[in-house]
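To start, the structure under review is shown below, and the notes come after it.
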Number of protein chains: 2
Amino acid sequence: MKLYFCKQILTYIMRQKTEIRQEQIKQAVLDIIYTDGLKSLSTRALAIRTGISEGTIFRHFASKQDIAIAIIRDVQNEFIEILRTIVLSKKSPVDRLHEFLCTTVHYLQVHKGITLLLFTEASHNNDDAMKQHLKQIFNSQKVLMSKIIYDGVSSGIWDEKVTIEDALMLYMSIPVSLNMDIIMNSEEYMVNSYCDKTLDILLKMLHN
Amino acid sequence: MKLYFCKQILTYIMRQKTEIRQEQIKQAVLDIIYTDGLKSLSTRALAIRTGISEGTIFRHFASKQDIAIAIIRDVQNEFIEILRTIVLSKKSPVDRLHEFLCTTVHYLQVHKGITLLLFTEASHNNDDAMKQHLKQIFNSQKVLMSKIIYDGVSSGIWDEKVTIEDALMLYMSIPVSLNMDIIMNSEEYMVNSYCDKTLDILLKMLHN
DNA sequence: ATATAACAAGTAAGTATTTACTTTGTTTTT
DNA sequence: AAAAACAAAGTAAATACTTACTTGTTATAT
């Protein structure tokens with residue numbers, strides 16, 4: 001009787017739906033990359049980190065590569081979509097730019113490890129589907145930021161001679177700078193100022 | 001007789017001194033990372049790429065990790081030292097900044113794969129010696145660029161309110177932008193303009 | 001000059017371990 | 001009773017690295 005009760009509780013904790021397990025596995029991938037590095041990202045390590053067996057992981061994902069694909073798809077469906085709503089809002093270009101940058105910094109902070117995953121997967125030329133996903137992510141960010149800049153230039157607040165590529169180059173330096181800070185063991189509060197800092201530089205660049 | 005002659009030629013091609021083999025192995029590491037990705041970087045792949053046996057690789061390097069350490073040491077001894085001579089030259093701050101940026105872009109173009117190696121090794125927290133090397137490389141670049149900017153500000157040509165961190169952030173975006181271009185399959189001539197492009201943005205930032 | 005000893009550079013075929021992934025069978029939920 | 005979730009114990013292939021041995025190079029003694 002008592003054993004059965006315990007078992008029920010245990011299984012209640014353990015037994016989860018595929019969607020929940022998938023989320024846990026994806027999170028574990030980013031965690032492992034962040035804490036132990038890419039080399040430590042094995043299915044065995046994933047099983048230990050998630051607390052489920054190795055075999056079960058392959059019940060929720062067809063392959064290890066599929067987990068990475070799912071994470072990258074999440075970036076597209078969640079992160080890029082948030083950026084899109086910001087860009088399409090009615091706020092001023094400066095406000096939108098600020099929100100755009102802060103959202104990016106915040107996403108990278110919450111999803112530590114995503115930068116490394118994106119860049120290493122991107123360099124892995126063999127998988128064309130993956131490469132296409134990554135291209136789309138980078139391109140979406142470019143297109144969305146272009147829109148804000150275009151609006152600012154149109155309304156006359158920013159220099160019309162500014163190129164989108166210049167602004168984008170600075171924007172793309174955010175993940176590197178953040179990762180560099182992690183390497184350098186910089187304090188966390190420094191990271192929080194990245195958003196405002198980048199805005200300042202960008203505004204200086206864009207200033208009429 | 002003829003066999004002996006052939007053997008001599010063959011061995012002349014084959015047999016090499018440790019220094020030469022080490023260079024070949026290091027180059028092969030960067031080549032493999034660039035063409036096939038980090039996942040493909042195995043000692044077996046290295047043996048095939050260099051044309052020597054797996055065992056021989058371990059004659060010239062104590063471990064696989066040691067190859068990465070040697071490459072990173074090269075960055076310090078070659079690349080950083082070139083940057084240092086540029087910074088310490090008698091040219092104007094603008095000229096030095098231009099040369100500084102062009103040298104960086106050129107180095108990254110010739111040593112494709114180095115960016116990925118640096119960043120993935122950096123994220124691998126276990127090895128403190130490696131981490132120290134990387135810290136030193138990043139810090140050297142920071143210190144050297146600070147010197148140029150300081151000289152420019154001192155001589156009154158640049159805004160005294162400019163922070164080194166802002167300039168450094170842009171500078172650090174160069175490797176990412178270059179890698180992104182590789183992913184995006186952009187044309188090679190685009191890459192050649194990176195140096196001037198970055199200078200333009202920096203000068204705009206620094207302008208009094 | 002030439003023989004020899006010492007060393008450096010090379011290999012093929014191992015090693016144990018780790019890898020991503022599978023199979024088998026059980027338990028839980030619907 | 002069907003489907004889904006799970007663990008345990010596999011699998012073959014790949015991994016970094018070693019071993020035992022061969023071959024080439026070079027400095028030294030004759």
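Because only heavy atoms are used, hydrogens play no part in the values below, and waters and symmetry mates are left out as well, while side chains stay in. The sequence lines fix the lettering, A, B, ..., with proteins before strands; numbering per chain opens at 1.
Counting any heavy atom pair closer than 4.0 Å across all strands shown, B/L41 reaches sugar-phosphate atoms only and no base atom.
Across the protein-nucleic acid pair, A/I48 atom CD1 and C/dA20 atom P stand 12 Å apart, rounded to whole Å. Atom NZ of A/K39 and atom C1' of D/dA14 are 17 Å apart (whole Å). Between B/Q16 atom CD and D/dT25 atom C1' there is a gap of 13 Å when expressed in whole angstrom units. One atom, CZ of A/F58, and another, P of D/dA5, lie 17 Å apart when rounded to the nearest Å. When the C1' atom of C/dA12 is taken as reference, atom CZ of B/R44 falls 14 Å away, rounded to whole Å. Summarising the geometry, the separation between CG on B/L46 and P on D/dA14 is reported as 16 Å, rounded to the nearest angstrom. For the pair B/I20 CD1 and C/dG10 P, the interatomic distance rounds to 10 Å; values are reported in whole Å. The distance between atom CG of A/L38 and atom P of C/dA20, rounded to the nearest whole Å, is 12 Å.
The side-chain heavy atoms of B/T120 and A/F119, taken from C-beta on, include no pair separated by under 4.5 Å.
Not one side-chain nitrogen or oxygen of B/T56 sits closer than 4.0 Å to the OP1 or OP2 atom of C/dA9. Checking the phosphate oxygens (OP1, OP2) of D/dT15, a side-chain nitrogen or oxygen of B/S42 falls inside 4.0 Å. Between A/R21 and D/dA4 there is no side-chain N or O to OP1 or OP2 distance below 4.0 Å. The phosphate of C/dG10 has OP1 or OP2 within less than 4.0 Å of a side-chain N or O from B/H60. Of the side-chain N and O atoms in A/R59, none sit less than 4.0 angstrom from OP1 or OP2 of D/dA7.
With hydrogens and angles ignored, a donor-acceptor pair closer than 3.5 Å exists between the side chain of B/R15 and the base of C/dA8.
Relative to the side chain of B/K64, the nucleotides D/dA7, D/dC17, C/dC21 differ in distance, and D/dC17 lies closest.
Between B/Q76 and B/R73, the side chains place no donor N or O within less than 3.5 Å of an acceptor N or O (distance only, hydrogens not considered).
Residue whose closest nucleotide on DNA chain C sits further toward the 5' end, between B/E54 and B/T18: B/T18. The residue among B/T43 and B/K17 whose nearest nucleotide of DNA chain D lies closer to the 5′ end is B/T43.
In the displayed structure, B/K142 atom NZ is contacted under 6.0 Å by at most 12 heavy atoms of other residues, nucleotides or ligands.
Salt bridge B/D166/A/K204: absent, no basic N to carboxylate O contact under 4.0 Å.
Heavy-atom minimum distance, A/L46 versus A/T50: O-OG1, 2.7 Å.
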